[in-house]
Trainee: 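I'd like to ask you about the structure that follows.
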Amino acid sequence: MMPHDSSSSASDNVRAAIISALQEEKESKVRRYGRAFLKAISVGGILSTLIYFCWSSSFDSTWMTACGMLTGFLAVAFLLYAYPQVRLSIRGYWSLSRLSLFFLLMTVVTGIQLILCPHFALVHLSDESPFRLFDHVTNFYMSLGGMNLCMFLCGLTFSSIGTAIASAPIARQFAFSKVKDLAFVALLGLVAQSPIAVLQLSNEITIQFFFFWLLGSATGILFVFFLFKKIQELRSVR
Amino acid sequence: MAEEALSDEILMTQYANGDQTSFTILYARYEKKLFGFLERRLNSRHKSFANDLFQMTWMKAHQAKRSFNPEQKFSSWIYAIAINNLRDYLGERRHDVEMASEAELRSDEKIMNAELQSITKQSLQMLEGLLNELPPVQREIILLSEWEGFQSKEISSMVGLSDAAVRQHLSRGRSKLQELGRKLR
């Protein structure tokens, strides 16, 4: 009955993935987790340095907290990903490796969002930033409906793009995912974006519009998830 | 090779302690059986889930390998994981998890010639129809007993029911199948 065509390759994948997991279990934990920690420090360091050089004149303790959070999240994601486990991509099943990979990518995307669009934290530093890609977008959103709509649309736009980028490598997972699982992954996405929230909540002006950004961001993440789910399920049926 | 003569339970214990060879032997023993078991429970529209469920079963077995009790039968343990996965993964599509069609049930060794194929086809079609008349739990227990060849005690540990309850389901299921069969004649 088995191994024929696709099931045969699935069988080979399982065997190889379990053998690989057994080898991971034998590896020194100190070396394994040490390597993961170093990766987190490196990526976090690069992102923090870029943020600092882009917004050095506004780089205060809140920005430092945000950068610290980014590095901390990266450490958690890298360590969970390094945990010895069977690394298989199964449709609809969110294993630790898939969740940690998503969290890792989403945290990196959050760092990039802070580099590209610090307006989330009401920093008007377009003059000093080398990346002035989204000024016209912000101006356009502001012209549509002021700060409320701008924050909502910014949350929607950036979170949608960011989630799409972070989800692309694990797109297969979305097919046949249960709604409660997707809600949990969306929550994870919002946690990864919390450094942006910290910046907004620390400012007496942006704190007034925080709810609109959060609403836009959550809508963007969920929209992309259900879009990916639909596309992947249609591809599976074909 | 001496290891190939070892029981499933010993191999599983060695695998739980990190032995790759034991895993490879155990995997070779069960990959076809387990895949077939999952495939037979899915209709043609959901056949592709068999791959996912197969992978998930082994992944969960690996995660739970240290909790394996060597006094327990390995086959019961791995089938219990597969059944739980099947229930959980397709729980939302339970109405679709009907018996596999006749074509899916057909296996090469069963079809010796055209005449036999014709008989098998009819019998399996009839069997499929009859089994779908049974409640899901009864159908599962009948299949595990009659198709997979498990004893009632083994089935009870797989489906989470007492041995007496499994025997009762088996008895009622068989009676109902006989009754349905008589009506069809």
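Below, chains carry the letters A, B, ... as their sequence lines are ordered, and counting in each starts from 1.
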Trainee: On a heavy-atom basis, which atom in A/Leu22 and which in B/Asp19 lie closest, and how many Å separate them?
Mentor: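 So the minimum-distance heavy-atom pair works out to CD1-O, 4.4 Å.
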Trainee: Crowded around A/Phe37 CZ? As in, over 12 foreign heavy atoms under 6.0 Å?
Mentor: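 Check fails, neighbour count at 12 or below.
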Trainee: Filter on ring pair (Phe, Tyr, Trp, His ring centres under 6.0 Å), then keep only pairs touching residues 149-173 of chain B, sequence neighbours left out; what's left?
Mentor: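 Pairs touching residues 149-173 of chain B that pass the test: B/Tyr79-B/Phe150.
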Trainee: Which atom names give the shortest non-hydrogen contact between B/His62 and A/Ala21, and what distance separates them?
Mentor: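 Closest heavy-atom pair between B/His62 and A/Ala21: NE2-CB, 3.6 Å.
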Trainee: Please say whether more than 12 non-hydrogen atoms of neighbouring residues, nucleotides or ligands are located less than 6.0 Å from CZ in B/Arg167.
Mentor: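 No.
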Trainee: Could you tell me whether A/Tyr83 atom OH has more than 12 heavy atoms of other residues or ligands within 6.0 Å of it?
Mentor: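 At most 12 heavy atoms, drawn from other residues, nucleotides or ligands, come within 6.0 Å of this atom.
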Trainee: Validate the cation-pi geometry between A/Arg15 and B/Phe23: distance from NZ or CZ to the six-membered ring centre under 6.0 Å, angle to the ring axis within 45°.
Mentor: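 A/Arg15 over B/Phe23 ring: no.
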Trainee: Can you find a pair of side-chain heavy atoms, one from A/Leu88 and one from B/Met56, that are under 4.5 Å apart?
Mentor: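 Result no, sub-4.5 Å side-chain heavy-atom pair not found.
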Trainee: With a 4.5 Å heavy-atom cut-off, do B/Gln63 and A/Val86 have their side chains touching?
Mentor: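 SC-SC contact between B/Gln63 and A/Val86 ruled out.
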Trainee: More than 12 non-hydrogen atoms from neighbouring residues, nucleotides or ligands closer than 6.0 Å to CZ on B/Arg174, yes or no?
Mentor: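 For B/Arg174, atom CZ is crowded (more than 12 foreign heavy atoms under 6.0 Å).
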Trainee: With chain B, which of A/Lys26, A/Gln85, A/Glu25 has the greatest number of heavy-atom pairs at distances under 4.5 Å?
Mentor: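 Result: the option with the highest number of such pairs is A/Glu25.
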Trainee: Return the CZ to CG distance between A/Arg91 and B/Leu53, rounded to the nearest 0.5 Å.
Mentor: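 Going from CZ on A/Arg91 over to CG on B/Leu53, the span is 9.5 Å.
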Trainee: With a cut-off of 6.0 Å (strictly less than), are more than 12 heavy atoms of other residues, nucleotides or ligands near CD of B/Gln151?
Mentor: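 Atom CD in B/Gln151 is not packed in, count stays at 12 or less.
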Trainee: If you draw a 6.0 Å radius around CZ in A/Phe210, do more than 12 non-hydrogen atoms from other residues or ligands fall strictly inside?
Mentor: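 Yes, the 6.0 Å shell around CZ holds more than 12 heavy atoms from other groups.
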Trainee: Less than 4.5 Å apart, any side-chain heavy atom of A/Val14 and any of B/Phe54?
Mentor: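 The answer is yes; the side chains approach within 4.5 Å.
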Trainee: When you compare the side chain of A/Tyr93 with that of B/Gln55, does any pair of heavy atoms fall below 4.5 Å?
Mentor: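 Not touching, per the 4.5 Å side-chain cut-off.
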Trainee: What closest approach, in Å, do B/Thr24 and A/Ile19 show between heavy atoms, and which atom pair accounts for it?
Mentor: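 Shortest heavy-atom contact: OG1-CD1, 4.1 Å.
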Trainee: Is the shortest heavy-atom distance from the side chain of B/Lys65 to the side chain of A/Ile18 under 4.5 Å?
Mentor: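 No, too far: nothing below the 4.5 Å cut-off.
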Trainee: Hey, are the side chains of B/Glu31 and A/Asp12 touching, using non-hydrogen atoms and a 4.5 Å cut-off?
Mentor: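 Result no, sub-4.5 Å side-chain heavy-atom pair not found.
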